[in-house]
Asks: 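Structure in structure tokens, see below.
Residue indices begin at 1 and follow the sequence shown.
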Amino acid sequence: MPTLTRRDFIKASAAGFGSVVISTSLLGCSSDTRAPQPLPYRVQFLHGVASGDPGTDALILWTRISADAEQVPVTWQVATDAGFANLVRSGDTQTSADSDYTIKIDVRDLSAGTEYFYRFIAGTVISPVGRGKTLPQGDVSSVKLAVFSCSNYPAGYFHVYAKAAEITDLDAALHLGDYIYEYAADGYASEDAAALNRVVQPDNEILSLSDYRRRYAQYRTDTQLQQIHAAAPFIAVWDDHEITNDTWRDGAENHQSDEGDFTARKLAALRAYFEWMPIRPVSASDEEIIYRQFRFGSLVDLLMLDTRVIGRDEQLAYADYIDPVSGQLDAARFSSDLNQPNRTLLGTEQLQWLLDKLQQSDSKWQVLGQQVLMGRMQLPAAIALQQLSINDFAELAALAQLAARAQAGDPTLTANELAYLQANQQRLTPEVVALLQLPAIPYNLDAWDGYTAEREQILAHALAQGKKLVVLAGDTHNSWASNLNLSDDTAVGVELATSSVTSPGLEQYINLPDREAAAATEAGLVQLVPALQYANLYDRGFMLLTFSQTELHCDWFYVDGIKHSTAALLPQRQQRATVVFNDTAPRLTLSN
């Protein structure tokens, strides 16, 4: 398949890909100060408003017009109050079908660390009001970020967004990808879509620019998604489903040869993403680049990465290493391929950019906003290959330990232990024993566990530079907290991963019937994975990060369901992780 080239992006840009109006307009600079006049056609703001990519003096403003007209004139306004008594910026623009009637304004010459309110006016029709905030400068005492991932429209209601929108002092909202999903109406997690009135549009798997635009348009009619966009500026990156499942540099698991050219599909997907998301093109000459930096004063240096499009090598697959006759894993060949030193997730240019930015950073905290788990999630091969469940493995491993102690004549075995062993000895068949003796392997080769050399390089660099490294992740639909260690177990940083907004997680894949069963499996998983400190395998929710000069608090919030029209938070499932660095060594503690 052909590779997406910079020339492709330049051609797409000329057609409107990522277009944004840059404005430093002051109040009163508009050429027409007359009272607004009705337009000769109906105008609506059906998709809300949004802000994003804040700078110390700039903010992207976004909306979309619904109107039956070739071009629609629009006025935008920025004020320091929600009533717009104190206007500080305003201007005029227009939109058309070339940009799917979306509008993006890059408002400049704003004040640092300042809350602003904004709106759009078309004729006499006024949009909803949004709240934005610029990045602070200098000494900053705290930064508060909400973190989201994986919002699948047909899977359920977006209550998670609405609950986060109730937090009135957010500095920004981070979306780590899978903002939309590409599947057809009968696809992934759509079994309740008709009952919930959330059947996707169009009903086919999305492939063309028109398809992707329609899917974004449907998502953005969701009032709960509109609430979080209006509440805080977004800092977003794409993952795979904004294009298609398990995307890599030159292809994807969910793209087949009869679905057309993959490069054309990817270009269409990314153009729609830039049209519908409040994101600023990073480079005027190269819109292939989405990785970028946000500095919250001297406190937080946020580096947003692209682990999907620009550089990722194709994922390994265990099926390619299983002997078709014996069913055994060729562990030696797999390990050799997995640990190839040139295997990359980021690509050469992005990796060097990241290493340079980490070295240059003098903030208290260095934070990577990216998509997939970086922590080592190695499980016994019998579990990773789904030959034994976590609970069955734990039971059988404990039984095997008893058998080994009995065979060695361990005098400390109790009567109850001997009786249990005698009653269950038959479970330790030769096949089970062989499964228990398999090595630990990564459970997810689509994550950093599939790109080990590059991960080691990044962690070693952060350690050598003495950075307070915090990695944020989404993608898995479950919540995690892990220590980030080098291969020799030297502590480097921590990883905090958010649950999904609606997409089902391990509770569905491993059939956890309720939260009680999930809690037992979570505890077993934490015991099995040395670096793992916390897991929630059942609930949908978001993370709230609060940075201070001395510590980071991460609060996981969960809703009590996504299949009913209303929802409440689950205080009994809320979890807090506190992260501190002592002489650059990280320490992560958990509390309820």
Side-chain angles (χ1 to χ4, degrees), residues 1-6 8-9 149-150 175-182 236-256 259 261-271 273-274 279 282-283 286-292 303-321 334 337-355 357 368-377 442-459 461 471-476 495 497:
M1 294 180 218
T3 302
L4 184 62
T5 66
R6 285 177 171 81
D8 293 326
F9 270 93
S149 181
C150 304
H175 203 292
L176 302 181
D178 294 346
Y179 183 92
I180 66 166
Y181 280 73
E182 81 280 14
V237 287
W238 51 55
D239 196 12
D240 52 340
H241 290 290
E242 286 89 349
I243 304 167
T244 189
N245 185 55
D246 284 357
T247 290
W248 58 285
R249 188 176 57 245
D250 294 328
E253 176 275 334
N254 193 32
H255 184 84
Q256 283 69 52
E259 293 178 320
D261 178 69
F262 177 74
T263 298
R265 180 181 188 176
K266 180 160 57 173
L267 272 171
L270 300 189
R271 175 170 176 172
Y273 183 90
F274 270 101
I279 184 173
V282 177
S283 168
D286 187 355
E287 290 184 356
E288 185 174 356
I289 300 173
I290 194 176
Y291 55 89
R292 58 212 195 278
L303 304 172
M304 300 295 286
L305 304 180
D306 171 12
T307 66
R308 281 292 171 192
V309 171
I310 195 170
R312 177 191 277 256
D313 287 332
E314 187 173 8
Q315 302 90 335
L316 299 180
Y318 282 120
D320 295 333
Y321 300 90
F334 169 74
D337 289 351
L338 177 67
N339 295 303
Q340 287 294 316
N342 60 347
R343 185 165 172 74
T344 182
L345 193 65
L346 301 180
T348 302
E349 293 182 12
Q350 183 179 194
L351 174 61
Q352 190 59 55
W353 174 88
L354 172 60
L355 297 178
K357 291 301 182 183
L368 307 187
Q370 52 92 66
Q371 298 82 348
V372 294
L373 288 181
M374 182 175 278
R376 283 187 287 163
M377 293 287 289
Y443 102 97
N444 182 7
L445 295 175
D446 188 55
W448 282 94
D449 268 338
Y451 304 81
T452 57
E454 191 169 69
R455 174 178 59 189
E456 189 82 356
Q457 183 179 359
I458 293 168
L459 294 180
H461 181 76
V471 176
L472 310 178
D475 181 63
T476 67
E495 178 172 57

Asks: Of the non-hydrogen atoms in Q370 and L176, which two are nearest, and what is the gap between them?
Replies: O-CD1, 3.5 Å

Asks: Between R376 and D449, is the closest basic N to carboxylate O distance under 4.0 Å?
Replies: no

Asks: Check E495 against A473 and note the closest heavy-atom contact, atom names and distance.
Replies: OE2-CB, 3.7 Å

Asks: Answer yes when D446 and R312 have at least one side-chain N-carboxylate O distance shorter than 4.0 Å, and no when they do not.
Replies: yes

Asks: May I ask you to test the M374-L459 pair for a side-chain heavy-atom distance under 4.5 Å?
Replies: yes

Asks: Which atoms form the tightest heavy-atom contact between V237 and R292, and what is the distance?
Replies: CG1-NH1, 3.7 Å

Asks: Tell me, do Q457 and L355 make a side-chain contact under 4.5 Å, heavy atoms counted?
Replies: yes

Asks: Once rounded to the nearest 0.5 Å, what's the spacing between atom CG of L305 and atom CD1 of I310?
Replies: 11.0 Å

Asks: Which residues satisfy the ring-ring contact (aromatic ring centres under 6.0 Å, His included) test with Y321, sequence neighbours excluded?
Replies: F334

Asks: Measure the spacing between CH2 of W248 and CD of E253 and express it to the nearest 0.5 Å.
Replies: 13.0 Å

Asks: Are the side chains of R455 and T452 in touch, meaning some heavy atoms are under 4.5 Å apart?
Replies: yes

Asks: V372 versus N444: any side-chain heavy-atom pair under 4.5 Å?
Replies: no

Asks: Would you indicate whether the side-chain heavy atoms of W353 and L303 approach each other to under 4.5 Å?
Replies: yes

Asks: Shortest non-hydrogen contact from H241 to N245?
Replies: CE1-OD1, 3.2 Å

Asks: Which value, rounded to the nearest 0.5 Å, describes the distance between L445 atom CG and L338 atom CG?
Replies: 7.0 Å

Asks: Do T244 and F262 come within less than 4.5 Å of each other through their side chains, counting heavy atoms only?
Replies: yes

Asks: Under a 3.5 Å cutoff, is there a donor and acceptor pairing between the side chains of Q315 and D246?
Replies: no

Asks: Counting C-beta onward and ignoring hydrogens, is there a side-chain heavy-atom pair between L373 and W448 closer than 4.5 Å?
Replies: no

Asks: Starting at CG of D239, measure out to CZ of R308 and round the result to the nearest 0.5 Å.
Replies: 4.5 Å

Asks: Is the shortest heavy-atom distance from the side chain of I290 to the side chain of L270 under 4.5 Å?
Replies: no

Asks: Show your reasoning for whether side chain to side chain contact (heavy atoms under 4.5 Å, CB included) applies to T307 and L346.
Replies: CA-CA 5 Å; T307 66; L346 301 180; 4.0 Å; yes

Asks: Show the numbers, then the answer: is there a side-chain hydrogen bond (donor to acceptor under 3.5 Å, both in side chains) between Q350 and D306?
Replies: CA-CA 8 Å; Q350 183 179 194; D306 171 12; 5.1 Å; no

Asks: Any chance you could lay out the side chain to side chain contact (heavy atoms under 4.5 Å, CB included) test for L351 and T344, step after step, and finish with the verdict?
Replies: CA-CA 9 Å; L351 174 61; T344 182; 5.7 Å; no

Asks: Shortest non-hydrogen contact from L316 to R343?
Replies: N-NH2, 3.3 Å

Asks: Compare every heavy atom of A269 with every heavy atom of E242, then report the nearest pair and how far apart it is.
Replies: O-CB, 3.3 Å

Asks: Quick check for you: to the nearest 0.5 Å, what is the distance between E349 atom CD and Y291 atom OH?
Replies: 5.5 Å

Asks: Roughly how far apart are L345 CG and D313 CG, rounded to 0.5 Å?
Replies: 8.5 Å

Asks: Taking it one step at a time, do L368 and L354 satisfy side chain to side chain contact (heavy atoms under 4.5 Å, CB included)?
Replies: CA-CA 9 Å; L368 307 187; L354 172 60; 3.7 Å; yes

Asks: For the backbone of G347 and the side chain of Q352, can you confirm whether one donor and one acceptor N or O come within less than 3.5 Å of each other?
Replies: no

Asks: Taking salt bridge (Lys or Arg N to Asp or Glu O under 4.0 Å) as the definition, give me every residue that meets it alongside E314, ordered by chain and number, with sequence neighbours left out.
Replies: none

